[in-house]
Amino acid sequence: MGRKWAIMKLFPGKEEEYKKRHDALWQELIDAIHRDGGKNYTIFHDPETNLLFEYIEIEDEQVWASRGGDEVTQKWWDYMADIMETNPDNSPVSIPLPELFYME
């Protein structure tokens with residue numbers, strides 16, 4: 001089991017819309033995340049900077065690294081592109097954070 005953290009960024013004034021869309025997360029996307037070994041997925045928001053801090057536990061790094069190639073994930077990226085920073089393929093700009101400390 002591994003853990004991943006990343007930073008993403010919302011456009012100003014889009015916090016409520018971001019939360020609304022995630023509160024109604026598509027079941028097919030949830031199924032795809034679970035299929036690829038993701039669980040305990042959490043996203044935190046810093047209202048002063050509009051940064052999003054993403055945390056997820058994954059089963060297999062190689063399987064997780066291949067995410068995004070399926071239709072439902074690409075559809076979600078397209079759906080979210082109007083409210084957050086994205087790459088040319090509409091995937092969110094996501095900056096991985098290295099783990100420096102962990103304690104159970």
Side-chain angles (χ1 to χ4, degrees):
M1 179 73 63
R3 296 184 308 274
K4 300 190 82 54
W5 293 264
I7 295 175
M8 301 176 290
K9 188 164 187 177
L10 276 178
F11 293 141
K14 299 299 182 179
E15 303 84 3
E16 287 183 34
E17 183 62 24
Y18 186 89
K19 180 162 178 19
K20 176 182 159 188
R21 292 180 191 187
H22 279 78
D23 286 346
L25 194 63
W26 308 332
Q27 186 60 51
E28 61 186 330
L29 183 59
I30 294 168
D31 294 344
I33 290 167
H34 289 163
R35 176 200 67 221
D36 293 338
K39 65 179 188 175
N40 294 327
Y41 195 0
T42 306
I43 300 172
F44 299 92
H45 175 244
D46 177 3
E48 289 186 27
T49 63
N50 270 336
L51 292 177
L52 300 167
F53 297 88
E54 172 185 56
Y55 168 82
I56 191 163
E57 295 172 2
I58 60 169
E59 293 176 7
D60 183 298
E61 181 66 39
Q62 288 181 333
V63 172
W64 191 255
S66 68
R67 284 223 21 90
D70 61 282
E71 186 177 327
V72 68
T73 300
Q74 291 180 2
K75 184 177 166 185
W76 180 258
W77 291 347
D78 293 345
Y79 178 56
M80 298 299 290
D82 65 323
I83 64 172
M84 62 189 303
E85 290 183 1
T86 60
N87 295 303
D89 66 353
N90 280 344
S91 64
V93 172
S94 180
I95 301 165
L97 297 174
E99 182 176 304
L100 297 179
F101 175 78
Y102 173 72
M103 183 181 82
E104 272 192 40

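Here the options are E59, E54, E61, the test is salt bridge (charged side-chain N to carboxylate O under 4.0 Å, His left out), and the partner is K4; only E61 passes.
Pairs of residues two or more places apart, or lying in two chains, that qualify as ring pair (Phe, Tyr, Trp, His ring centres under 6.0 Å) and include a residue from residues 45-71 are W5-Y55. Sorted pairs that involve residues 42-53 and meet salt bridge (charged side-chain N to carboxylate O under 4.0 Å, His left out), not counting sequence neighbours, are lacking altogether. Residue pairs meeting the salt bridge (charged side-chain N to carboxylate O under 4.0 Å, His left out) criterion with at least one partner in residues 84-99, sequence neighbours excluded, are R3-E99.
The closest side-chain heavy-atom distance from E15 to N50 is below 4.5 Å.
Between the OG1 atom of T73 and the CH2 atom of W26 there is a distance of 9.5 Å, given to the nearest 0.5 Å. From E57, atom CD reaches atom OG1 of T42 across 8.0 Å, with rounding to the nearest 0.5 Å. To the nearest 0.5 angstrom, I95 atom CD1 is 6.0 Å from I7 atom CD1. Once rounded to the nearest 0.5 Å, the distance linking CG of N90 with CE of M84 reads 10.5 Å.
Checked against ring-ring contact (aromatic ring centres under 6.0 Å, His included), W77 has no partners two or more places apart in sequence or in another chain. Partners of R21 under the salt bridge (charged side-chain N to carboxylate O under 4.0 Å, His left out) rule, at least two apart in sequence or in another chain, are E17, D82.
Scanning both residues, P96 and S94, for their nearest heavy atoms gives CD-O, 3.4 Å. The minimum heavy-atom distance linking L10 with I83 is given by the pair CD2-O, 3.4 Å.
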Identify each donor-acceptor pair in which a side-chain atom of residues 30-37 lies under 3.5 Å from a protein atom, sequence neighbours left out, and give them as a table.
from, atom 1, to, atom 2, distance (Å)
D31, OD1, Q27, NE2, 2.8
D36, OD2, R67, NH1, 2.6

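Cluster annotation: L97 is not connected to I43 through the hydrophobic network of ILVMFWY side chains, with a link wherever side-chain heavy atoms come within less than 4.5 Å. I56 and L25 fall within a single hydrophobic cluster, where Ile, Leu, Val, Met, Phe, Trp and Tyr side chains are chained together by heavy-atom contacts under 4.5 Å. No single ILVMFWY cluster, assembled from side-chain heavy atoms under 4.5 Å apart, contains both M8 and F11. Under the 4.5 Å side-chain heavy-atom criterion for ILVMFWY residues, a single connected hydrophobic cluster contains both L51 and F44.
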